[in-house]
Amino acid sequence: MTSADAARRVLEAVNASGRLYRDSLPMIASENIISPMVARAVNSDLHGRYAEGLPGKRYYQGCEDFDTIESLGLESARRVFSCRFANIQSTSGTVSNMAALKALAMPGDTITAVSTADGGHISHARMGAVGVRGLNLVTYPWDIDRMEPDIDAACALIRETEPQLALFGQSVFLFPTPLQEMADAAHEVGAKVMYDGAHVLGLIAGGQFQDPLHEGADVMTGSSHKTFPGPQGGFVLSDSDDEKFHKKLNSSIFPGTCSSYHLHHVAGKVVALAEFEAFGSEYARDIVTNAKSLGAALAAEGFDVLAEERGYTASHQVLTRHGGPDSGAGRRAAATLEDAGIITNMNMLPGDTKAMSGPSGLRLGVPELTRVGMGADEMQDVARFFARALIAEGEITTVKRDVIEFKSRFQTVKYCFEEGPAYPGL
Ligand SMILES: Cc1ncc(COP(=O)(O)O)c(C=O)c1O
(Lines give C-alpha, C1' and ligand atoms only; values in the text may rest on other atoms or scores of the structure.)
Protein backbone atom coordinates (compact mmCIF):
# COMPACT_ATOMS: atom_id res chain seq x y z
CA MET A 1 0.00 0.00 0.00
CA THR A 2 1.40 3.44 -0.89
CA SER A 3 1.33 6.17 1.73
CA ALA A 4 -1.42 7.93 -0.27
CA ASP A 5 -3.43 4.69 -0.26
CA ALA A 6 -2.93 4.46 3.49
CA ALA A 7 -4.22 8.01 3.94
CA ARG A 8 -7.30 7.21 1.80
CA ARG A 9 -7.80 3.97 3.71
CA VAL A 10 -7.84 5.95 6.96
CA LEU A 11 -10.56 8.27 5.65
CA GLU A 12 -12.60 5.31 4.43
CA ALA A 13 -12.35 3.76 7.90
CA VAL A 14 -13.35 7.08 9.49
CA ASN A 15 -16.52 7.09 7.39
CA ALA A 16 -17.18 3.41 8.02
CA SER A 17 -16.94 4.03 11.76
CA GLY A 18 -19.42 6.92 11.44
CA ARG A 19 -21.86 4.70 9.51
CA LEU A 20 -21.52 1.97 12.16
CA TYR A 21 -22.63 4.37 14.90
CA ARG A 22 -25.30 5.97 12.70
CA ASP A 23 -26.88 2.58 12.11
CA SER A 24 -26.48 1.12 15.59
CA LEU A 25 -27.55 1.72 19.18
CA PRO A 26 -24.44 3.30 20.78
CA MET A 27 -24.70 2.46 24.49
CA ILE A 28 -21.20 2.97 25.85
CA ALA A 29 -21.77 5.04 28.98
CA SER A 30 -18.80 7.37 28.46
CA GLU A 31 -19.70 8.31 24.89
CA ASN A 32 -21.84 11.01 23.33
CA ILE A 33 -22.22 13.06 20.15
CA ILE A 34 -21.72 16.80 19.62
CA SER A 35 -24.15 19.40 18.34
CA PRO A 36 -23.73 21.09 14.92
CA MET A 37 -22.59 24.36 16.54
CA VAL A 38 -20.03 22.56 18.70
CA ALA A 39 -18.84 20.70 15.59
CA ARG A 40 -18.28 24.02 13.77
CA ALA A 41 -16.13 25.31 16.64
CA VAL A 42 -14.14 22.08 16.83
CA ASN A 43 -13.56 21.87 13.09
CA SER A 44 -12.12 25.40 12.86
CA ASP A 45 -8.80 27.14 12.32
CA LEU A 46 -8.31 27.15 16.09
CA HIS A 47 -7.19 23.52 15.90
CA GLY A 48 -3.68 24.64 15.02
CA ARG A 49 -3.28 27.62 17.37
CA TYR A 50 -1.56 28.18 20.68
CA ALA A 51 -2.62 30.31 23.66
CA GLU A 52 -0.61 29.33 26.73
CA GLY A 53 -1.61 31.23 29.87
CA LEU A 54 -4.97 32.73 30.77
CA PRO A 55 -7.20 35.31 29.01
CA GLY A 56 -5.32 38.62 28.93
CA LYS A 57 -2.05 36.99 30.11
CA ARG A 58 -0.62 35.14 27.13
CA TYR A 59 2.78 33.99 25.98
CA TYR A 60 1.75 34.30 22.30
CA GLN A 61 0.31 37.04 20.08
CA GLY A 62 -2.91 36.56 18.12
CA CYS A 63 -5.03 35.50 21.08
CA GLU A 64 -7.53 38.36 21.32
CA ASP A 65 -10.45 36.43 19.83
CA PHE A 66 -9.58 33.32 21.77
CA ASP A 67 -9.49 35.44 24.96
CA THR A 68 -13.11 36.36 24.23
CA ILE A 69 -13.97 32.66 23.82
CA GLU A 70 -12.21 31.47 26.97
CA SER A 71 -13.53 34.37 29.09
CA LEU A 72 -17.12 33.60 28.02
CA GLY A 73 -16.46 29.95 28.84
CA LEU A 74 -15.11 30.67 32.31
CA GLU A 75 -18.18 32.77 33.20
CA SER A 76 -20.50 30.12 31.80
CA ALA A 77 -18.72 27.22 33.58
CA ARG A 78 -18.97 29.03 36.93
CA ARG A 79 -22.74 29.43 36.38
CA VAL A 80 -23.31 25.90 35.06
CA PHE A 81 -21.44 24.24 37.95
CA SER A 82 -22.46 26.86 40.58
CA CYS A 83 -18.90 27.48 41.69
CA ARG A 84 -16.36 30.27 42.13
CA PHE A 85 -13.48 28.71 40.18
CA ALA A 86 -13.29 26.97 36.81
CA ASN A 87 -10.47 25.98 34.52
CA ILE A 88 -11.70 24.83 31.11
CA GLN A 89 -8.32 24.12 29.48
CA SER A 90 -7.78 20.48 30.37
CA THR A 91 -7.65 18.15 27.37
CA SER A 92 -9.38 15.20 29.11
CA GLY A 93 -10.77 13.86 32.35
CA THR A 94 -7.49 12.06 32.98
CA VAL A 95 -5.48 15.27 32.51
CA SER A 96 -7.90 17.04 34.88
CA ASN A 97 -7.18 14.34 37.47
CA MET A 98 -3.42 14.58 36.95
CA ALA A 99 -3.63 18.35 37.44
CA ALA A 100 -5.78 18.06 40.57
CA LEU A 101 -3.47 15.40 42.05
CA LYS A 102 -0.54 17.73 41.37
CA ALA A 103 -2.28 20.62 43.15
CA LEU A 104 -3.61 18.61 46.10
CA ALA A 105 -0.88 16.08 46.94
CA MET A 106 2.88 15.64 46.99
CA PRO A 107 4.85 12.52 46.02
CA GLY A 108 4.84 10.08 48.95
CA ASP A 109 1.48 11.33 50.28
CA THR A 110 -1.37 8.93 50.95
CA ILE A 111 -4.60 9.02 48.94
CA THR A 112 -7.83 7.13 49.60
CA ALA A 113 -9.98 6.19 46.59
CA VAL A 114 -12.42 3.64 45.19
CA SER A 115 -10.60 0.57 43.85
CA THR A 116 -10.81 -0.17 40.14
CA ALA A 117 -12.42 -3.53 41.01
CA ASP A 118 -15.29 -1.59 42.61
CA GLY A 119 -15.61 0.84 39.69
CA GLY A 120 -12.85 3.38 40.30
CA HIS A 121 -11.07 4.74 37.22
CA ILE A 122 -7.55 3.71 36.18
CA SER A 123 -6.37 7.27 36.86
CA HIS A 124 -7.24 6.59 40.55
CA ALA A 125 -4.91 3.59 40.55
CA ARG A 126 -1.21 2.88 40.86
CA MET A 127 -1.07 1.97 37.17
CA GLY A 128 -2.47 5.44 36.33
CA ALA A 129 -2.24 9.06 37.49
CA VAL A 130 -2.07 8.16 41.21
CA GLY A 131 1.07 6.13 40.47
CA VAL A 132 2.49 8.84 38.19
CA ARG A 133 2.19 11.31 41.11
CA GLY A 134 3.92 8.77 43.39
CA LEU A 135 1.07 8.50 45.90
CA ASN A 136 0.37 5.64 48.32
CA LEU A 137 -3.06 4.30 47.51
CA VAL A 138 -5.49 2.97 50.11
CA THR A 139 -8.91 1.88 48.82
CA TYR A 140 -12.28 2.23 50.56
CA PRO A 141 -14.26 -0.72 51.88
CA TRP A 142 -17.15 -1.20 49.42
CA ASP A 143 -20.84 -1.89 50.01
CA ILE A 144 -21.62 -4.33 47.18
CA ASP A 145 -25.39 -4.18 47.66
CA ARG A 146 -25.58 -0.39 47.63
CA MET A 147 -22.78 -0.02 45.02
CA GLU A 148 -21.08 2.75 47.01
CA PRO A 149 -18.36 3.08 49.67
CA ASP A 150 -19.35 1.54 53.02
CA ILE A 151 -19.76 4.89 54.78
CA ASP A 152 -18.92 3.91 58.37
CA ALA A 153 -15.98 1.72 57.35
CA ALA A 154 -14.69 4.36 54.91
CA CYS A 155 -14.88 7.08 57.58
CA ALA A 156 -13.00 4.79 60.00
CA LEU A 157 -10.37 4.08 57.32
CA ILE A 158 -9.89 7.80 56.64
CA ARG A 159 -9.48 8.54 60.37
CA GLU A 160 -7.03 5.68 60.74
CA THR A 161 -4.85 6.27 57.64
CA GLU A 162 -4.99 10.09 57.77
CA PRO A 163 -4.52 10.62 54.02
CA GLN A 164 -3.53 13.96 52.53
CA LEU A 165 -6.24 13.50 49.89
CA ALA A 166 -9.57 11.65 49.82
CA LEU A 167 -10.77 10.97 46.28
CA PHE A 168 -14.33 9.94 45.43
CA GLY A 169 -16.20 9.09 42.23
CA GLN A 170 -16.17 6.15 39.84
CA SER A 171 -16.46 4.96 36.27
CA VAL A 172 -19.15 2.49 37.26
CA PHE A 173 -21.45 5.01 38.87
CA LEU A 174 -25.06 4.06 39.56
CA PHE A 175 -25.84 6.15 42.66
CA PRO A 176 -24.66 9.45 44.15
CA THR A 177 -21.77 9.08 46.61
CA PRO A 178 -22.90 9.75 50.20
CA LEU A 179 -20.20 12.39 50.31
CA GLN A 180 -20.80 14.73 53.23
CA GLU A 181 -19.97 12.36 56.09
CA MET A 182 -16.81 11.01 54.42
CA ALA A 183 -15.71 14.53 53.43
CA ASP A 184 -16.17 15.63 57.05
CA ALA A 185 -13.97 12.72 58.21
CA ALA A 186 -11.33 13.69 55.62
CA HIS A 187 -11.33 17.36 56.63
CA GLU A 188 -11.12 16.34 60.28
CA VAL A 189 -7.71 14.70 59.59
CA GLY A 190 -6.57 17.62 57.41
CA ALA A 191 -7.11 15.94 54.04
CA LYS A 192 -8.40 17.69 50.93
CA VAL A 193 -11.41 16.16 49.19
CA MET A 194 -11.55 15.58 45.44
CA TYR A 195 -14.57 14.29 43.51
CA ASP A 196 -14.09 12.83 40.03
CA GLY A 197 -17.34 13.59 38.20
CA ALA A 198 -16.08 12.52 34.75
CA HIS A 199 -19.11 10.36 34.03
CA VAL A 200 -21.83 12.25 35.85
CA LEU A 201 -20.83 15.86 35.24
CA GLY A 202 -23.85 16.63 33.03
CA LEU A 203 -26.19 15.08 35.58
CA ILE A 204 -24.61 17.16 38.35
CA ALA A 205 -24.79 20.37 36.33
CA GLY A 206 -28.38 19.52 35.35
CA GLY A 207 -29.34 19.14 39.03
CA GLN A 208 -30.11 15.42 38.72
CA PHE A 209 -27.41 13.63 40.71
CA GLN A 210 -25.61 15.33 43.58
CA ASP A 211 -23.79 18.60 44.19
CA PRO A 212 -20.28 17.55 45.29
CA LEU A 213 -18.82 21.07 45.56
CA HIS A 214 -21.51 21.89 48.12
CA GLU A 215 -21.35 18.52 49.88
CA GLY A 216 -17.71 18.78 50.97
CA ALA A 217 -15.53 18.41 47.84
CA ASP A 218 -12.74 20.98 47.59
CA VAL A 219 -12.20 20.19 43.91
CA MET A 220 -14.31 18.48 41.25
CA THR A 221 -12.82 17.20 38.01
CA GLY A 222 -14.57 15.81 34.97
CA SER A 223 -14.73 15.08 31.26
CA SER A 224 -16.54 17.42 28.89
CA HIS A 225 -17.81 14.70 26.54
CA LYS A 226 -19.82 12.16 28.53
CA THR A 227 -23.09 13.15 30.22
CA PHE A 228 -21.82 16.69 29.73
CA PRO A 229 -22.32 16.63 25.97
CA GLY A 230 -19.41 18.61 24.57
CA PRO A 231 -16.22 17.82 22.68
CA GLN A 232 -13.41 15.72 24.19
CA GLY A 233 -11.80 17.58 27.07
CA GLY A 234 -12.01 18.22 30.79
CA PHE A 235 -12.83 20.62 33.60
CA VAL A 236 -11.24 21.48 36.96
CA LEU A 237 -13.75 23.17 39.30
CA SER A 238 -13.83 24.44 42.86
CA ASP A 239 -16.04 26.59 45.05
CA SER A 240 -13.11 27.79 47.15
CA ASP A 241 -12.82 31.58 47.47
CA ASP A 242 -9.06 31.36 48.07
CA GLU A 243 -7.31 33.06 45.16
CA LYS A 244 -3.99 31.41 46.01
CA PHE A 245 -5.70 28.05 45.65
CA HIS A 246 -7.19 29.15 42.30
CA LYS A 247 -3.67 30.05 41.12
CA LYS A 248 -2.38 26.66 42.23
CA LEU A 249 -5.13 24.87 40.30
CA ASN A 250 -4.52 26.99 37.19
CA SER A 251 -0.79 26.36 37.28
CA SER A 252 -1.37 22.62 37.73
CA ILE A 253 -3.00 22.73 34.27
CA PHE A 254 -0.51 25.14 32.67
CA PRO A 255 2.42 24.64 32.96
CA GLY A 256 1.71 21.55 35.09
CA THR A 257 0.03 19.15 32.71
CA CYS A 258 -0.73 21.01 29.44
CA SER A 259 1.14 23.27 27.08
CA SER A 260 -1.12 23.75 24.06
CA TYR A 261 -4.56 22.95 25.31
CA HIS A 262 -6.46 22.27 22.05
CA LEU A 263 -8.13 25.63 21.48
CA HIS A 264 -10.67 24.23 19.02
CA HIS A 265 -11.92 21.87 21.71
CA VAL A 266 -12.06 24.69 24.25
CA ALA A 267 -14.18 26.73 21.79
CA GLY A 268 -16.46 23.71 21.34
CA LYS A 269 -16.64 23.31 25.11
CA VAL A 270 -17.74 26.94 25.46
CA VAL A 271 -20.53 26.47 22.88
CA ALA A 272 -21.54 23.27 24.71
CA LEU A 273 -21.64 25.22 28.01
CA ALA A 274 -23.93 27.81 26.42
CA GLU A 275 -26.18 25.05 25.08
CA PHE A 276 -26.13 23.35 28.46
CA GLU A 277 -27.37 26.57 30.12
CA ALA A 278 -30.40 26.44 27.82
CA PHE A 279 -31.09 22.69 27.59
CA GLY A 280 -28.98 20.92 30.23
CA SER A 281 -31.57 20.48 32.98
CA GLU A 282 -34.02 18.89 30.57
CA TYR A 283 -31.32 16.70 29.04
CA ALA A 284 -30.04 15.48 32.43
CA ARG A 285 -33.60 14.73 33.60
CA ASP A 286 -34.36 12.76 30.42
CA ILE A 287 -31.11 10.75 30.70
CA VAL A 288 -31.91 9.62 34.24
CA THR A 289 -35.54 8.82 33.33
CA ASN A 290 -34.35 6.75 30.38
CA ALA A 291 -31.74 4.85 32.41
CA LYS A 292 -34.33 3.94 35.04
CA SER A 293 -36.77 2.88 32.29
CA LEU A 294 -34.11 0.79 30.58
CA GLY A 295 -33.21 -0.97 33.87
CA ALA A 296 -36.86 -1.83 34.53
CA ALA A 297 -37.49 -2.90 30.91
CA LEU A 298 -34.44 -5.20 30.83
CA ALA A 299 -35.50 -6.77 34.14
CA ALA A 300 -39.01 -7.29 32.73
CA GLU A 301 -37.45 -9.09 29.74
CA GLY A 302 -35.73 -11.49 32.16
CA PHE A 303 -32.25 -9.96 32.51
CA ASP A 304 -30.41 -9.87 35.83
CA VAL A 305 -30.14 -6.09 36.35
CA LEU A 306 -28.06 -5.01 39.35
CA ALA A 307 -29.39 -2.91 42.24
CA GLU A 308 -33.06 -3.79 41.74
CA GLU A 309 -33.90 -2.78 45.32
CA ARG A 310 -32.57 0.75 44.65
CA GLY A 311 -34.53 1.14 41.40
CA TYR A 312 -31.58 -0.09 39.26
CA THR A 313 -29.93 3.31 38.87
CA ALA A 314 -30.00 7.03 39.61
CA SER A 315 -27.52 7.93 36.85
CA HIS A 316 -27.06 7.36 33.12
CA GLN A 317 -25.83 3.77 33.59
CA VAL A 318 -27.38 0.34 34.05
CA LEU A 319 -25.44 -2.82 34.96
CA THR A 320 -26.46 -6.31 33.88
CA ARG A 321 -25.08 -9.71 34.88
CA HIS A 322 -24.87 -12.46 32.26
CA GLY A 323 -23.15 -15.30 34.12
CA GLY A 324 -21.11 -16.26 37.18
CA PRO A 325 -17.86 -14.61 38.35
CA ASP A 326 -15.02 -14.80 35.82
CA SER A 327 -17.31 -16.63 33.36
CA GLY A 328 -16.58 -14.15 30.56
CA ALA A 329 -20.33 -14.04 29.90
CA GLY A 330 -20.28 -10.25 29.66
CA ARG A 331 -17.59 -10.43 27.03
CA ARG A 332 -19.65 -12.87 24.96
CA ALA A 333 -22.83 -10.83 25.42
CA ALA A 334 -21.07 -7.65 24.21
CA ALA A 335 -19.82 -9.50 21.09
CA THR A 336 -23.29 -10.87 20.27
CA LEU A 337 -24.85 -7.44 20.78
CA GLU A 338 -22.29 -5.88 18.46
CA ASP A 339 -23.32 -8.36 15.76
CA ALA A 340 -26.90 -7.23 16.37
CA GLY A 341 -25.96 -3.54 15.98
CA ILE A 342 -25.85 -2.66 19.69
CA ILE A 343 -22.52 -1.22 20.89
CA THR A 344 -21.77 -1.81 24.59
CA ASN A 345 -18.83 -2.71 26.80
CA MET A 346 -18.22 -5.70 29.04
CA ASN A 347 -17.70 -4.81 32.68
CA MET A 348 -16.26 -6.55 35.71
CA LEU A 349 -18.84 -7.13 38.45
CA PRO A 350 -18.22 -7.97 42.12
CA GLY A 351 -16.45 -11.35 42.17
CA ASP A 352 -14.81 -11.00 38.75
CA THR A 353 -11.02 -10.91 38.81
CA LYS A 354 -9.93 -11.09 35.15
CA ALA A 355 -10.41 -7.76 33.38
CA MET A 356 -10.01 -9.06 29.81
CA SER A 357 -11.32 -12.62 29.78
CA GLY A 358 -13.51 -12.78 32.89
CA PRO A 359 -16.10 -9.98 33.03
CA SER A 360 -19.56 -11.31 33.69
CA GLY A 361 -21.42 -8.03 33.19
CA LEU A 362 -22.26 -5.19 30.84
CA ARG A 363 -22.27 -1.48 31.63
CA LEU A 364 -24.95 0.22 29.54
CA GLY A 365 -25.35 3.96 29.04
CA VAL A 366 -28.16 6.06 27.59
CA PRO A 367 -26.67 9.57 27.01
CA GLU A 368 -26.43 9.15 23.22
CA LEU A 369 -29.79 7.41 22.76
CA THR A 370 -31.35 10.24 24.77
CA ARG A 371 -29.53 12.88 22.74
CA VAL A 372 -31.06 11.63 19.48
CA GLY A 373 -34.56 11.85 20.94
CA MET A 374 -35.34 8.43 22.43
CA GLY A 375 -37.60 8.38 25.49
CA ALA A 376 -39.02 5.84 27.94
CA ASP A 377 -41.08 4.06 25.24
CA GLU A 378 -37.99 3.51 23.11
CA MET A 379 -36.17 2.04 26.14
CA GLN A 380 -38.76 -0.78 26.01
CA ASP A 381 -37.91 -1.31 22.32
CA VAL A 382 -34.19 -1.35 23.13
CA ALA A 383 -34.73 -3.93 25.90
CA ARG A 384 -36.66 -6.10 23.44
CA PHE A 385 -33.72 -6.01 21.00
CA PHE A 386 -31.46 -7.16 23.86
CA ALA A 387 -33.83 -10.02 24.65
CA ARG A 388 -34.08 -11.10 21.00
CA ALA A 389 -30.29 -11.17 20.69
CA LEU A 390 -29.33 -12.64 24.06
CA ILE A 391 -32.30 -14.55 25.51
CA ALA A 392 -34.37 -15.76 22.54
CA GLU A 393 -31.10 -16.17 20.62
CA GLY A 394 -32.95 -15.05 17.52
CA GLU A 395 -31.42 -14.76 14.06
CA ILE A 396 -28.84 -12.01 14.63
CA THR A 397 -29.02 -10.67 11.09
CA THR A 398 -32.78 -10.14 11.51
CA VAL A 399 -32.27 -8.31 14.81
CA LYS A 400 -29.61 -6.16 13.20
CA ARG A 401 -31.88 -5.32 10.25
CA ASP A 402 -34.62 -4.24 12.70
CA VAL A 403 -32.13 -2.21 14.77
CA ILE A 404 -31.05 -0.32 11.64
CA GLU A 405 -34.68 0.41 10.71
CA PHE A 406 -35.45 1.53 14.29
CA LYS A 407 -32.36 3.77 14.50
CA SER A 408 -33.17 5.41 11.15
CA ARG A 409 -35.94 7.30 13.02
CA PHE A 410 -33.40 8.84 15.45
CA GLN A 411 -30.85 10.73 13.40
CA THR A 412 -31.11 14.29 14.75
CA VAL A 413 -29.08 15.67 17.62
CA LYS A 414 -31.36 17.41 20.18
CA TYR A 415 -30.93 19.64 23.24
CA CYS A 416 -28.99 22.27 21.27
CA PHE A 417 -29.56 25.61 19.51
CA GLU A 418 -29.45 24.30 15.91
CA GLU A 419 -30.65 20.72 15.66
CA GLY A 420 -28.99 18.83 12.84
CA PRO A 421 -27.63 15.47 11.68
CA ALA A 422 -26.37 13.40 14.59
CA TYR A 423 -23.85 11.60 12.35
CA PRO A 424 -22.95 14.26 9.75
CA GLY A 425 -21.03 13.99 6.50
CA LEU A 426 -21.57 10.30 5.77
C1 LIG B 1 -14.24 8.29 36.71
C2 LIG B 1 -13.46 8.63 35.50
N3 LIG B 1 -12.48 9.55 35.60
C4 LIG B 1 -11.73 9.90 34.55
C5 LIG B 1 -11.97 9.35 33.32
C6 LIG B 1 -11.09 9.73 32.17
O7 LIG B 1 -11.71 10.59 31.34
P8 LIG B 1 -11.09 10.86 29.89
O9 LIG B 1 -11.48 9.69 29.07
O10 LIG B 1 -11.77 12.14 29.51
O11 LIG B 1 -9.63 10.99 30.06
C12 LIG B 1 -12.97 8.40 33.14
C13 LIG B 1 -13.23 7.83 31.80
O14 LIG B 1 -14.18 7.23 31.49
C15 LIG B 1 -13.73 8.03 34.27
O16 LIG B 1 -14.67 7.10 34.16
Side-chain angles (χ1 to χ4, degrees), residues 26-34 42 87-102 104 111-133 135 137 139-140 142 147-149 165-177 179 193-205 209-210 212 217 219-237 252-253 257-258 261-262 265-266 268-269 272 313 315-319 343-348 355 361-368:
M27 296 183 69
I28 290 179
S30 54
E31 293 187 356
N32 214 325
I33 45 177
I34 53 174
V42 168
N87 184 299
I88 61 171
Q89 299 179 344
S90 157
T91 51
S92 73
T94 299
V95 168
S96 305
N97 285 349
M98 289 174 66
L101 294 178
K102 184 170 188 304
L104 299 173
I111 183 172
T112 51
V114 177
S115 83
T116 50
D118 293 324
H121 187 247
I122 40 174
S123 58
H124 310 174
R126 285 188 197 91
M127 65 183 141
V130 159
V132 172
R133 188 62 177 144
L135 306 179
L137 175 67
T139 56
Y140 301 116
W142 192 251
M147 301 289 288
E148 65 189 23
L165 180 58
L167 168 59
F168 297 95
Q170 303 107 244
S171 301
V172 178
F173 214 161
L174 295 180
F175 301 103
T177 303
L179 191 59
V193 175
M194 171 178 163
Y195 180 102
D196 181 347
H199 260 267
V200 287
L201 209 59
L203 308 183
I204 288 169
F209 199 61
Q210 65 182 127
V219 171
M220 177 163 74
T221 55
S223 303
S224 52
H225 49 271
K226 296 181 172 132
T227 53
F228 182 87
Q232 294 259 349
F235 291 104
V236 177
L237 306 155
S252 72
I253 290 283
T257 47
C258 293
Y261 51 88
H262 307 183
H265 282 205
V266 172
K269 221 182 275 184
T313 184
S315 74
H316 59 305
Q317 298 182 3
V318 170
L319 285 185
I343 313 290
T344 64
N345 63 270
M346 62 181 176
N347 214 94
M348 287 171 75
L362 294 176
R363 184 188 66 172
L364 308 171
V366 298
E368 186 165 338

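Start at 1 and go down the list; that is how both ligands and their atoms are numbered.
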Legend entry - Pair F228 + F235: ring centers closer than 6.0 Å: yes

Inset, instruction - Assess the side chains of Q317 and H199: does a donor N or O sit below 3.5 Å from an acceptor N or O? - result: yes

Inset, instruction - Could you list the atoms of ligand 1 found under 4.0 angstrom from a heavy atom of S92? - result: 10 (O), 11 (O)

Inset, instruction - State, with a plain yes or no, whether a side-chain heavy atom of T227 is found less than 4.5 Å away from one of F173. - result: no

Legend entry - G93 N/O to ligand 1 N/O under 3.5 Å: yes

Legend entry - atom 16 (O) of ligand 1 [closest protein heavy-atom partner, distance rounded to 0.1 Å]: S171 OG, 2.7 Å

Inset, instruction - Determine whether the side chains of S90 and Y261 contain a donor N or O and an acceptor N or O closer than 3.5 Å. - result: no

Inset, instruction - Please report the C-alpha distance between D196 and H121 in whole Å, then the side-chain angles of each, then the deciding distance to 0.1 Å, and finally whether the side chain to side chain donor-acceptor pair (under 3.5 Å) criterion is met. - result: CA-CA 9 Å; D196 181 347; H121 187 247; 5.1 Å; no

Inset, instruction - May I ask which of L167, T94, I28 has a heavy atom nearer to atom 6 (C) of ligand 1 than the others do? - result: T94

Inset, instruction - Examine Q170 against ligand 1 and note whether any of their N/O atoms are separated by less than 3.5 Å. - result: no

Inset, instruction - Starting from atom 3 (N) of ligand 1, locate the nearest protein heavy atom and write down its residue, its atom name and how far away it is, to 0.1 Å. - result: D196 OD2, 2.6 Å

Inset, instruction - Verify the distance criterion only: is there a donor paired with an acceptor across the side chains of S115 and D118 at less than 3.5 Å? - result: yes

Inset, instruction - Ignoring hydrogens, just give me the one of E31, M98, K226, H225 whose non-hydrogen atom is nearest atom 14 (O) of ligand 1. - result: K226

Legend entry - Subset of ligand 1 atoms that lie under 4.0 Å from at least one heavy atom of S223: 7 (O), 8 (P), 10 (O)

